[in-house]
Amino acid sequence: MTDRKDQLAANLAQVEERISSACAAAGRGREDVTLVVVTKTYPASDVRILHELGVRHVAENRDQDAAPKATACADLSLTWHFVGQLQTNKVRSVTSYADVVQSVDRAKLVTALSAAAVRAERETGCLIQVALDAESGERGERGGVAPDGIEELAAAVDAAPGLRLDGLMTVAPLSGPFAGRQRAAFDRLMEYASRLRAERPAANMVSAGMSGDLEDAVAAGATHVRVGTAVLGDRPRLG
Ligand SMILES: *Cc1c(COP(=O)(O)O)cnc(C)c1O
């Protein structure tokens, strides 16, 4: 094995151990939680190694970086998640490779994604990104709709051709009442997710938790954790 493959294998094993322990502690089956490796800022060669090591879900947050990487890895059986703030002028490109867009946070984006998915003859999975610290009508600093906007967006996705409502996503807030209280934040997200699922049983994805707080997310009931640095190493800058 190459050095990089050894390193990624060791990191993955540690993350796997953390997820397994968190599942066991919560009385959940390991198969109930999907690891999504956030490969942003790292090269396509790393994505290739991760695939060799058994990773099947990867995430990116910038279309400029993601599009060429997805093309370079088109021969691999991978599910691509888009997790970054998304401008409507990037939607056509993102729709061409992303299976799931986790950062749906406004009606205009739903319209654009729908048009692009129909045009590409693809079905794009959508998670509504919830900004737990955003006031009514506002958006979060890192994207996301305020909690009272979830239902309206969900209805928009329901009605949009080419889109499939898969569930909810959040990033634990750095400020506001949930700052430093990841477990409380993820519990709150789960309440919104349960409400959403009551009407739409298929929208059962809950994406929460990153390298620093994946245990809290698993304990709360997340179905998907998004892990970057714990697998790939520290990124050169915030991405
Ligand atoms: C970068 C990123 C992650 C991964 O964060 P790490 O702390 O590196 O694990 C998860 N979710 C989103 C939306 C991200 O942008």
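As the structure lists them, so they are numbered: ligands from 1, and atoms in each ligand from 1. Positions are given from 1, in the same order as the sequence printed here. From a predicted model like this one, the values you see are computed outputs, not experimental measurements.
- Considering backbone and side-chain N/O of K40, one or more are found under 3.5 Å from N/O of ligand 1.
- A side-chain N or O of D148 and one of S136 form a donor-acceptor pair less than 3.5 Å apart.
- Residue T229 touches ligand 1 through backbone and side chain together, judged by heavy-atom distances below 4.0 Å.
- At least one donor-acceptor pair closer than 3.5 Å links the side chain of K69 to the backbone N or O of T39.
- Close N/O approach between G228 and ligand 1 is found [any backbone or side-chain N/O within under 3.5 Å].
- In this structure, R30 contributes its side chain and C23 its backbone to no donor-acceptor pair below 3.5 Å.
- Note: T88 OG1 to K90 NZ = 10.5 Å, rounded to the nearest 0.5 Å.
- Not a single heavy atom of Q102 sits less than 4.0 Å from an atom of ligand 1.
- Distances below 4.0 Å separate heavy atoms of V83 from the following atoms of ligand 1: 13 (C).
- Atoms of ligand 1 found under 4.0 Å from any heavy atom of V227, numbered from 1 in the order shown, are 9 (O).
- With hydrogens and angles ignored, the 3.5 Å screen pairs no side-chain donor or acceptor of R56 with any backbone N or O of T34.
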